[in-house]
Amino acid sequence: MNRLIKKTMPLAAVSLAAGLFIYSVQSFPAEAHTQKDLPSQVHSEKASLPLGPSNLKEKRVTEGIAPGVTFTKITRGEPSAKDVYTVEAAFVDTEQEARNVVRKLKNDGFEDSKVVGAKRAMDDQTKGSLGFSVRTGSFPAEKEAKALQERLSEKGYSGLRVVYTGEDGQMTTGPWVVNILEVHRNQFLGKVIPSLAQDQVQGKETLTSMTSRHKAFAGLNGGYFVVNERDGTPGDPAGITVINGQLVSEAINSRSSLIFSSAGKKADIASVSTSMFVQSTDGAVREIDGVNRIPGLIRNCGGTGGDSPTEMPKHDFTCQDESELIHFTPAFGESTESVDGFEVVLNQKGEVVETRSHPGGKIPDKGSVLAGTGEAGQWLRSHAKRGVKLRIQRKISANGKPMNMKTSMSMINGGPRLLKNGKISINAVEEGFHWEEKPDFYYRFGERRNPRTLAGIKENGNLLFVTIDGRAPGWSVGASFEESARIMKSLGAVEAINLDGGGSTSMTIGQELVTRPSDQSGERPIADGILLVNE
């Protein structure tokens with residue numbers, strides 16, 4: 001049956017006017033990453049990064065790593081004696097609740113307490129504070145804060161977190177480590193290509209492995225994805241993915257995405273939505289809920305067709321739908337997901353050549369599979385019998401306008417948008433990074449500093465790919481959404497978007513990982529990457 005599709009939010013297209021980037025440099029000592037055949041260039045620009053006080057020391061080293069591609073590493077700031085480890089005892093909605101927690105802590109013998117207010121997202125229409133973090137204790141070392149956390153737990157406190165204050169969204173001296181790849185549009189001779197882990201949806205792979213397989217000379221991690229089985233198919237991009245004009249994963253409708261064309265030499269950032277339908281030769285029409293994922297679990301939400309509890313984007317949340325029709329293509333892997341339902345196998349012409357009462361069968365190399373659960377499974381039984389021809393329609397819109405997908409076009413999911421038309425414009429609430437019932441979600445994800453991966457477009461069309469190391473006190477504290485936007489603006493971007501960050505943040509130059517993994521286990525396997533390869 002037909003279902004209404006939500007309208008996308010407007011977002012202006014970027015300017016792609018050609019131009020040549022010119023460095024203004026002066027030498028000073030810096031930590032360099034060099035290649036034998038391409039000498040590095042240490043320099044300082046007049047406009048330092050807008051992080052911390054303006055008088056912080058900043059070191060930069062830039063090198064050409066390929067024709068039309070430069071890599072810059074920036075180190076800025078230093079650890080502050082004012083930044084300490086503490087224990088968050090609670091995050092509450094009001095100042096009165098915060099005072100009550102402080103009073104309870106004092107009564108229990110924990111005198112050293114502090115309340116820190118949290119700001120709302122830039123596009124949050126609600127006024128006032130987002131909430132209040134109540135902390136206790138102040139230590140130079142993390143192990144001392146963890147010891148206090150154990151004592152508080154013994155006293156009956158729950159939801160405790162060890163917090164490093166340098167990662168708060170308030171003023172600090174850092175330090176920061178920022179890595180920048182700039183692709184000079186008119187000089188670059190290679191390609192910018194999105195790549196799936198292991199060249200399929202199922203499974204994950206480290207960026208270093210991905211760059212090695214594709215013989216890429218540089219790369220960075222891509223969009224959000226499903227990590228655990230409880231949230232869907234591990235490795236499934238949690239948002240739109242298009243590779244060489246082929247839809248691999250449906251959109252989180254109305255969320256910003258990064259769009260590549262002309263072998264990646266042109267880019268755009270737009271609010272993207274997808275709508276998909278299948279029509280049987282008997283005239284029956286049914287919406288397709290998703291592409292290449294387990295039916296019923298919609299990571300980051302933003303779908304259609306009765307998803308619960310919302311059809312709006314909701315980050316790091318898994319919506320559910322007991323009745324879904326999912327289209328599996330060879331990009332998914334060898335077989336479909338095994339669930340209770342019904343599925344049909346289609347040849348290249350869209351003819352039903354096989355029906356299966358138990359999904360989980362092979363996906364033909366030249367064909368596809370439609371799998372249905374609940375009412376969708378019944379629809380297939382009634383309207384997709386063997387020999388019937390099914391016509392699948394897929395529509396992708398950007399900023400509310402239909403896109404003519406070409407083999408040269410690709411997309412990577414992300415969000416929120418950071419810059420629009422040269423101005424800071426962070427649409428975190430609109431894109432699902434604020435949970436009404438859990439205000440501290442945005443506080444921890446957007447206002448506090450975390451490792452970040454960012455993409456931007458300069459006015460002359462040059463592409464910027466940026467990583468900011470984080471969760472590493474003494475090395476790099478990370479960045480908030482607002483700081484990320486300011487960084488991209490200072491680097492000359494007029495459009496910018498946040499990609500997957502945290503433990504996923506990674507960048508390679510050659511076969512070397514130039515970022516510092518924030519996961520204790522080391523480099524995190526990811527779902528997709530953005531690779532720079534030679535023609």
Side-chain angles (χ1 to χ4, degrees), residues 167 177-181 194-198 201-214 216 218-229 231-241 248-249 252 255-258 299-300 315-318 411-416 418 428 431-433 441 444-446 448-456 465-472 475-481 483-484 487-488 496-509 512-532:
E167 294 170 0
V177 176
V178 181
N179 298 290
I180 305 158
L181 279 169
S195 174
L196 290 174
Q198 302 178 28
V201 169
Q202 293 185 91
K204 295 168 284 185
E205 183 180 13
T206 61
L207 179 66
T208 50
S209 173
M210 220 179 296
T211 54
S212 177
R213 280 196 306 106
H214 289 275
L220 68 157
N221 68 288
Y224 301 109
F225 62 96
V226 175
V227 176
N228 302 306
E229 288 186 0
D231 297 311
T233 302
D236 171 39
I240 196 165
T241 296
V248 174
S249 175
I252 304 300
R255 183 179 268 194
S256 297
S257 299
L258 180 61
R299 188 61 171 170
N300 290 345
H315 194 70
D316 272 2
F317 189 92
T318 302
M411 295 189 194
I412 291 286
N413 80 74
L418 301 174
E431 299 205 347
F433 293 88
F441 178 83
R444 302 189 197 289
F445 200 99
R448 284 185 57 79
R449 297 184 176 101
N450 289 285
R452 304 287 181 188
T453 301
L454 317 169
F465 299 115
V466 177
T467 61
I468 307 158
D469 285 352
R471 299 176 189 164
W475 171 256
S476 183
V477 295
S480 66
F481 280 164
E483 287 173 328
S484 298
I487 289 170
M488 296 305 285
I497 187 174
N498 183 70
L499 301 178
D500 190 15
S504 298
T505 287
S506 46
M507 180 182 285
T508 55
I509 303 298
E512 179 184 351
L513 189 70
V514 295
T515 45
R516 178 176 289 193
S518 64
D519 285 357
Q520 291 185 351
S521 57
E523 185 184 2
R524 175 185 292 182
I526 55 178
D528 58 12
I530 302 171
L531 307 182
L532 277 62

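Predicted model only: the values in this text are computed from it and were never measured. Quick note: numbers below take in every heavy atom, side chains included, and nothing from hydrogens, waters or symmetry partners.
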Look at the side chain of Thr211 and the backbone N and O of Leu207, then say whether any donor-acceptor pair between them is shorter than 3.5 Å. yes
If every non-hydrogen atom of Asn228 is compared with every non-hydrogen atom of Val226, which pair is closest and at what distance? O-CG1, 3.3 Å
Between the side chain of Asn498 and the main-chain N/O of Gly415, is any donor-acceptor distance below 3.5 Å? yes
Nearest-0.5 Å distance that lies between atom OG in Ser209 and atom CD in Gln198: 7.5 Å
Under 3.5 Å donor-acceptor, Lys204 side chain and Ala197 backbone: no
Take Asn413 and Arg255 through the test side chain to side chain donor-acceptor pair (under 3.5 Å) and record every step on the way to the result. CA-CA 8 Å; Asn413 80 74; Arg255 183 179 268 194; 5.5 Å; no
Would you mind reporting whether Phe225 and Asp236 have side-chain heavy atoms less than 4.5 Å apart? no
Test item: Asn300 side-chain N/O and Asp316 main-chain N/O as donor-acceptor pair under 3.5 Å: yes
Distance check, rounded to the nearest 0.5 Å: Met210 atom CE versus Leu531 atom CG? 6.5 Å
Tightest non-hydrogen contact, residues Met488 and Ala455, listed as CE-C, 3.7 Å
Kindly compute the distance separating OG (Ser504) from CZ (Arg524), expressed to the nearest 0.5 Å. 4.0 Å
Shortest non-hydrogen contact between Arg444 and Arg448, atoms and distance: O-CB, 3.8 Å
Using a 4.5 Å cut-off on heavy atoms from C-beta on, say whether the side chain of Pro234 contacts that of Glu229. yes
Do the side chain of Glu431 and the main chain of Ser256 share a donor and acceptor less than 3.5 angstrom apart? yes
Glu523: what forms a salt bridge (Lys or Arg N to Asp or Glu O under 4.0 Å) with it, not counting sequence neighbours? none
I'd like to know if the side chain of Ser195 reaches the main chain of Gly529, judged simply by a donor and an acceptor atom lying under 3.5 Å from each other, with no hydrogens or angles considered. no
Please round to the nearest 0.5 Å and tell me the distance separating atom CG of Leu258 and atom CD1 of Ile530. 5.5 Å
Do the side chains of Ser518 and Thr505 get nearer than 4.5 Å, heavy atoms only? no
Ala527 and Gly235: which non-hydrogen atoms are nearest, and at how many Å? CB-O, 3.2 Å
Side chain of Asp528, backbone of Pro194: donor and acceptor closer than 3.5 Å? no
Thr467 versus Ser506, closest heavy-atom pair with distance: CG2-O, 4.0 Å
How close do Leu418 and Ser484 get, heavy atom to heavy atom, and via which atoms? CD1-CB, 4.0 Å
Partner set under side-chain hydrogen bond (donor to acceptor under 3.5 Å, both in side chains) for Asn221, not counting sequence neighbours: Thr453
Does Ser476 reach the main-chain N or O of Asp469 with its side chain, forming a donor-acceptor pair under 3.5 Å? yes
Under 3.5 Å, is there a donor on one side chain and an acceptor on the other for Arg299 and Thr318? yes
State, yes or no, whether a side-chain contact exists between Leu181 and Met507 at a heavy-atom distance under 4.5 Å. yes
Heavy-atom donor-acceptor pair, Glu483 side chain to Ser480 backbone, under 3.5 Å: yes
Among residues at least two apart in sequence or on other chains, which ones pass side-chain hydrogen bond (donor to acceptor under 3.5 Å, both in side chains) with Thr515? none
Does any non-hydrogen side-chain atom of Arg449 lie less than 4.5 Å from one of Arg471? no
Angle between ring planes, Phe441 versus His315, binned at 30° and 60°: parallel, tilted or perpendicular? tilted
So how far is it from Thr233 OG1 to Gln202 CD, rounded to the nearest 0.5 Å? 6.5 Å
Does the Arg452 side chain pair with the main chain of Gly501, one donor and one acceptor, at a distance under 3.5 Å? no
Are any of the side-chain heavy atoms of Val248 and Leu196 separated by less than 4.5 Å? yes
Kindly compute the distance separating OG (Ser249) from CD1 (Ile240), expressed to the nearest 0.5 Å. 7.5 Å
So Phe445 and Tyr224, would you call those rings parallel, tilted or perpendicular, with 30° and 60° as cut-offs? tilted
For a side-chain contact (heavy atoms from CB on, under 4.5 Å) check, start with the C-alpha distance between Val178 and Val466, then their side-chain angles and the critical distance, and finish with the verdict. CA-CA 7 Å; Val178 181; Val466 177; 3.7 Å; yes
